[in-house]
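Here is the structure we will look at.
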Amino acid sequence: MNRRHLLLMGAAAALAAPAVASAQAARTIRYTHFQPGRLDQPKHAAALAFKSTVEGLTNNRLRVEIFPAGQLGPAPQVMEQLRLGSLEMAVVHDGGIAGTYAPYQVFSMPFLWENQAIAWKVLDGPFGAEMAADMQRRASIRLLAHADNGVRHITNNRRPIVTPEDMRGLKIRVQPSPVFVRLIESLGASASAIDWGELPAALAQGTVDGQENGVTNILAGSLFQHQRHITLNGHVYSLHAYLMSERFFARLGNEERAAVLQATEIAKVIHRGMTTAQDANAETILRERGMTVQRLSAPQVDAFRRIAQPAVRQWLEAERDIGRDWVEKLLAATRAAQG
């Protein structure tokens, strides 16, 4: 082989190198979520299980890189990256999804589900499948599964809350999602939309008096350090969605897709189990961290429901991108799940 042939082969290899690197990058799943990168956090424990399962099933043809604690940006930015295909996978909370796919806000109707079992029947059933198909069509994002973001309760640093009247005059942080603004304002408080990453500082500085979240997030953000009182009213069964860029999913082979779906199912079960355990032990967990806990009776919870649910339902039905159809389908699916 002469020198000219060697030079030509070297040039061809150099030209091929970027294509090889691109192919390798296309088989890396960058996976982000918003909880700390610790095993006691449901999102992260589930992410590690997803990584282990995908890499094992594909013999490392698919590799997973996990970016916890919002390392790739706030939820609206992450959703846009998924939509454009510049990010492969994320687990995003319900409020963070709202700006990209508005119908997901229907799940934030207050006092909708009595327990996790009913929620899972709805989410894993025909209604959940219909919403996933609609998100894929409208946002180019594949909704792989739903898991828990915890049953949401109200905390504050001023006084115990037992009745809706106790909410008046309080400034309460909510997710950057209009449905949560409507919910809190219907109860007489002032709602401030603040991103998750800014919440601990807002509480520490007194920018807001309180916030609403599940036990998992109160622990993840150490919010108990800045809040004295919590009312276990369970106003919203909050969700995390396992989301993948449709552009990335479409490039996967059949075996790779099967591995992603199987790994998501395993992650979902771990995520749901850990969050449900924390919800079930909320009173004990939060008392141990120094909070004053108000556990409401059924009639007391109903007083919140009578005010908040009609107000939020009216808002959801009036929104052009949500509408009465989604609300009525969700309520019908809930009645069917209750059996």
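The basis for the numbers below is simple: all heavy atoms, side chains too, and nothing from hydrogens, waters or symmetry mates. Predicted, not measured: the structure shown is a model, and the values here were computed from it.
Taking 4.5 Å as the limit, some side-chain heavy atom of S222 sits within range of a side-chain heavy atom of Q225. Annotation: side chain of Y31 is not in contact with side chain of K51 (no heavy-atom distance under 4.5 Å). Between L48 and L39 there is a side-chain heavy-atom pair separated by less than 4.5 Å. No side-chain heavy atom of Q300 sits less than 4.5 Å from a side-chain heavy atom of R305. Taking 4.5 Å as the limit, some side-chain heavy atom of L219 sits within range of a side-chain heavy atom of F224. Taking 4.5 Å as the limit, some side-chain heavy atom of M89 sits within range of a side-chain heavy atom of L144. Counting heavy atoms from C-beta on, the side chains of L57 and E256 never come closer than 4.5 Å. Residues H226 and N157 are not in side-chain contact: their nearest non-hydrogen atoms beyond the backbone lie 4.5 Å or more apart.
Proximity of the aromatic rings of Y237 and W113 is defined here by a centroid distance below 6.0 angstrom, and this criterion is met. Aromatic ring centres of H33 and F67 lie farther apart than the 6.0 Å criterion allows. No close placement of the H235 and F304 rings is indicated, their centers lying 6.0 Å or farther apart.
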Give the C-alpha distance, both sets of side-chain angles, the deciding distance and a yes or no for ring-ring contact (aromatic ring centres under 6.0 Å, His included) between F127 and W326. CA-CA 9 Å; F127 181 87; W326 277 117; 5.7 Å; yes
Given the rule in the side-chain contact (heavy atoms from CB on, under 4.5 Å) test, do L143 and Q136 qualify, once you have shown the distances and angles that lead to the verdict? CA-CA 7 Å; L143 199 168; Q136 181 181 336; over 6 Å; no
So M244 and I141, side-chain contact (heavy atoms from CB on, under 4.5 Å) or not? Walk me through it. CA-CA 6 Å; M244 178 166 278; I141 296 173; over 6 Å; no
For side-chain contact (heavy atoms from CB on, under 4.5 Å), just list the numbers for V174 and E212, CA-CA rounded to whole Å, side-chain angles, deciding distance to a tenth of an Å, and then say yes or no. CA-CA 7 Å; V174 296; E212 50 83 45; 4.3 Å; yes
CA sep, side-chain torsions, deciding dist, call: E80, R83, salt bridge (charged side-chain N to carboxylate O under 4.0 Å, His left out): CA-CA 5 Å; E80 183 66 4; R83 188 182 70 81; 2.7 Å; yes
Are H93 and L239 close enough, and set up right, to give a side-chain contact (heavy atoms from CB on, under 4.5 Å), and what steps lead you there? CA-CA 6 Å; H93 45 284; L239 300 176; over 6 Å; no
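To the nearest 0.5 Å, atoms CH2 (W315) and CD (E317) are separated by 12.0 Å. If you take CD on E265 and CG on L261, they are separated by 9.0 Å, rounding to the nearest 0.5 Å. Atom CD of E55 and atom CZ of F50 lie 9.5 Å apart (nearest 0.5 Å). Annotation: the span from L316 atom CG to L330 atom CG amounts to 9.0 Å, rounded to 0.5 Å. Atom NZ of residue K121 and atom CG of residue N115 lie 8.5 Å apart, to the nearest 0.5 angstrom. Rounding to the nearest 0.5 Å places CD1 of I307 at 11.0 Å from CG of L183.
Using a 4.0 Å cut-off between a side-chain N of Lys or Arg and a carboxylate O of Asp or Glu, E65 and R30 do not qualify as a salt bridge. In summary, R158 and D209 engage in a salt bridge, as defined by a charged side-chain N under 4.0 Å from a carboxylate O. Under a 4.0 Å N-O distance rule, the pair D124/K268 qualifies as a salt bridge. Between R173 and E198 there is no salt bridge, since no side-chain nitrogen of the basic residue lies less than 4.0 Å from a carboxylate oxygen of the acidic one. Taking the charged nitrogens against the carboxylate oxygens, E255 and R61 do have a contact shorter than 4.0 Å, which makes a salt bridge.
Connection of L87 to I29 is not established within any shared hydrophobic cluster, with ILVMFWY side chains joined at heavy-atom distances below 4.5 Å, either directly or through further cluster members. Using a 4.5 Å cut-off between side-chain heavy atoms of Ile, Leu, Val, Met, Phe, Trp and Tyr, with links allowed through other members, I266 and L123 fall into different hydrophobic clusters. Hydrophobic clustering (side-chain heavy atoms under 4.5 Å, transitive across Ile, Leu, Val, Met, Phe, Trp, Tyr) keeps I230 apart from V151. Taking hydrophobic clusters as Ile, Leu, Val, Met, Phe, Trp and Tyr residues chained together by side-chain heavy-atom distances below 4.5 Å, L72 does not share a cluster with I66. When the side chains of ILVMFWY residues are joined at heavy-atom separations under 4.5 Å, either directly or via intervening members, L232 and M167 end up in two distinct hydrophobic clusters.
Not a single donor-acceptor pair under 3.5 Å links the side chain of R182 to the backbone N or O of P178. Although no hydrogens or angles enter the test, the distance criterion places no donor-acceptor pair under 3.5 Å between the side chain of D94 and the main chain of I97. Proximity of a side-chain donor or acceptor of H153 to a complementary backbone N or O of G214 within less than 3.5 Å is not detected. Looking only at distances, a side-chain donor or acceptor of Q105 sits under 3.5 Å from a matching main-chain atom of A102. Side chain of N281 to main chain of A277: a donor-acceptor pair is present (N/O by atom type, distance under 3.5 Å, no hydrogens or angles). Formation of a donor-acceptor pair under 3.5 Å by the Q35 side chain with backbone atoms of K43 is found in this model.
Contact detail for Q309 and P110: the closest heavy-atom pair is NE2-O, 2.9 Å. Here the closest non-hydrogen pair linking Q116 and D279 is NE2-OD2, 3.8 Å. Scanning both residues, V208 and I172, for their nearest heavy atoms gives CG1-C, 4.5 Å. Shown here for V78 and G73, the closest heavy-atom pair between the two residues is CG2-O, 3.6 Å. Looking at every heavy atom in both residues, G197 comes nearest to P200 through O-CD, 4.1 Å. Nearest heavy-atom pair, A145 versus T264, reported as atom, atom and distance to 0.1 Å: CB-CG2, 3.7 Å.
I161 pairs with exactly one of N233, L170, L187 by the side chain to side chain contact (heavy atoms under 4.5 Å, CB included) rule, that one being L170. Screening H271, R142, H146 for a side chain to side chain donor-acceptor pair (under 3.5 Å) with Y242, the sole residue that qualifies is H271. Here the rule is side chain to side chain donor-acceptor pair (under 3.5 Å) with S238, and of N213, N149, D148 only N149 fits it.
In this structure, a donor-acceptor pair under 3.5 Å is present between the side chains of Q211 and T155. Side-chain N/O atoms of S177 and Q175 include no donor and acceptor closer than 3.5 Å. In this model, a donor atom of one side chain and an acceptor atom of the other lie less than 3.5 Å apart for Q278 and T216.
At most 12 non-hydrogen atoms from other residues, nucleotides or ligands lie less than 6.0 angstrom from CD of E114. Surrounding CZ of R159 are more than 12 heavy atoms belonging to other residues, nucleotides or ligands, all under 6.0 Å away.
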